[in-house]
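Remarks on the structure that follows.
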2 protein chains.
Amino acid sequence: MSKILIVEDESDISELIALHLTREGHDYLCIANGLQALPAAVEHQPDLIVLDLMLPGLDGMQIFRRLRADTRTTNIPVIILTAKAQVTDKIAGLELGADDYLTKPFSPRELYLRISAILRRVKKVTHVSEIHRGRFMLDRKNMKLFLDGSPLDLTTTEFKLLTTLMENDATVHTRADLLREVWGYSTEVATRTLDTHIKRLREKLGSAGNHIVTIRGTGFQFQTELPEAIAA
Amino acid sequence: MSKILIVEDESDISELIALHLTREGHDYLCIANGLQALPAAVEHQPDLIVLDLMLPGLDGMQIFRRLRADTRTTNIPVIILTAKAQVTDKIAGLELGADDYLTKPFSPRELYLRISAILRRVKKVTHVSEIHRGRFMLDRKNMKLFLDGSPLDLTTTEFKLLTTLMENDATVHTRADLLREVWGYSTEVATRTLDTHIKRLREKLGSAGNHIVTIRGTGFQFQTELPEAIAA
DNA sequence: GGCAAACGTGACGAAATTGACACAGTCAAA
DNA sequence: TTTGACTGTGTCAATTTCGTCACGTTTGCC
């Protein structure tokens, strides 16, 4: 649902957070190098950043200030983690616009709650989630697919699969990619599952099913424009 | 210009806060007796409540729970002040839906900043107290639901749940989302609670219960317009 | 054309999801 | 303290959805 950027050099902490986020159905991205925080935030546009101030050899507050200074990231909420419990630092953080502030050691649960609280607020300003592709209109927010204006019923898995294909239409999606995106598999599994779902999807799309094109030996692709309808 | 309710028995603290608020151009209202918190909040509809949990002879958490339970005050952000620094209490507060939490002794400055932060956020949300959706009319202020013009009695939880669904109607609400929005859980707990309440809600809505649509594998959705009641 | 690999298809059992319900715990009012 | 309303949890069954398998078909290549 939401995408979170975690900037934290201690892998056990970031993994803990990541685990929780996964369970909550969120996307996340971990980086350990504070210098990458800004570029990563710019590129991935997360909904929330969890920033550890105590990165080795770096002034975390500096990073934070840059995040706030850059227009592409100013509006992204930031939760700051730090070992410094001094009040002055807290103030500095909040004053600069951090959305929340936790001092180590903190209860993971409390962090989750604060993350949730912030996402809850942010979520209300949801992005427009409609993808238009030719005869198709995919409404992520409502989880609806419209083909030529009329709605089609898809299961959750089918919807995820189609969304993934349509988000980057015209690009070839590897089998491994799709398995990872839709099923969350990290490993490559030899399975016909993907094929089955592709098939069911095509079935439901009816005549428009041929927009899902097989790239033999590689994967699948969504083509908005079909090259040659006329094979005659 | 916002209105803040301060519930605090130590007059030096409340005066300090009040002074700051005045300088910032806000209205405020101080009460020392926790029992008056709810009635005062109902009457004055403040934009924010600062609640000291350590009121003499009263369980502050109790007061907080009542504030949350009453629909006329559920949506008012609360900052909790307390001397109890125990993590469990913090969690209890946040879990119940407090917007922020400060433990004494705190820097007044920090409190101001948090107050400002919350007011800034709240201000963006224009409060509409009536939601009209087809046959439904939901009156948040009085916690009443009208179906085809006649009132239905809903419990607090049911009301919150329905409100959440109706506020963003037609959008799919994840189970996790709903648990967060309505219950404040940050949890991954497998529970039938949500289902149970959905069921009770549908029951009370009677024939109109089918406006609450199950999205299998994902969550629920409020549909103002039902697709095809009878395709015959 | 023949071959092997990759892909499509249909069917079936397993797993997940959810609605219904009973029951126990909690809280506020009497 | 008792009562009654409300809420949360566990179980069960019905249903949907999923993943796997076996087998047929297509594709690329010689």
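All chains are named by letter (A, B, ...) in the order of the sequence lines, taking the proteins before the strands, and each is independently numbered beginning at 1. Treat the numbers as computed from the prediction; the structure is a model and nothing was measured.
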Please report the distance, rounded to the nearest Å, between CD in B:Q221 and C1' in C:dT18. 16 Å
For the side chain of B:T196 and the base of D:dT9, is some donor closer than 3.5 Å to an acceptor across the two? yes
Rounded to whole angstrom units, what separation is found between the CG atom of A:N210 and the P atom of C:dG8? 13 Å
Pair B:Q223, B:Q221: side-chain N/O donor-acceptor within cut-off below 3.5 Å: yes
Do B:E158 and B:R202 sit within salt-bridge range, that is, some charged N less than 4.0 Å from a carboxylate O? no
Atom-pair distance (CG on B:D195; P on D:dT7), nearest Å: 16 Å
Between A:L194 and B:K204, the residue closer to the 5' end of DNA chain D by nearest nucleotide is B:K204
Between A:D148 and A:R135, is the closest basic N to carboxylate O distance under 4.0 Å? yes
A:L179 CG to D:dT20 C1': how many Å, rounded? 14 Å
Please tell me which of B:R200 and B:G219 maps to the more 5' nucleotide of DNA chain C, matching each residue to the nucleotide holding its nearest heavy atom. B:G219
Quick one: do B:F136 and B:H211 satisfy ring pair (Phe, Tyr, Trp, His ring centres under 6.0 Å)? Show the steps, please. CA-CA 10 Å; B:F136 296 81; B:H211 284 270; 5.3 Å; yes
Upstream residue (5' side of DNA chain C) when A:K199 and A:R216 are each assigned their closest nucleotide: A:R216
Take atom CG of B:L154 and atom C1' of D:dC6, then tell me their distance rounded to the nearest Å. 13 Å
Whole-Å distance, B:L201 CG to C:dA20 P, equals 13 Å
Does the A:D47 side chain pair with the main chain of A:K3, one donor and one acceptor, at a distance under 3.5 Å? yes
Quick one: is D:dC18 close enough that its OP1 or OP2 comes under 4.0 Å of any side-chain N or O from A:W183? no
Less than 3.5 Å between a donor and an acceptor, one on the side chain of A:R192 and one on the base of C:dG8, is that the case here? yes
From CZ of B:F159 over to P of D:dC6, roughly how many Å is that when rounded to an integer? 14 Å
Give the rounded distance in Å between these two atoms: CG of B:L162 and P of D:dT7. 13 Å
For D:dT7, does either OP1 or OP2 sit under 4.0 Å from a side-chain N or O belonging to B:T193? no
C:dC7 phosphate, OP1 or OP2, under 4.0 Å from A:T214 side-chain N/O: no
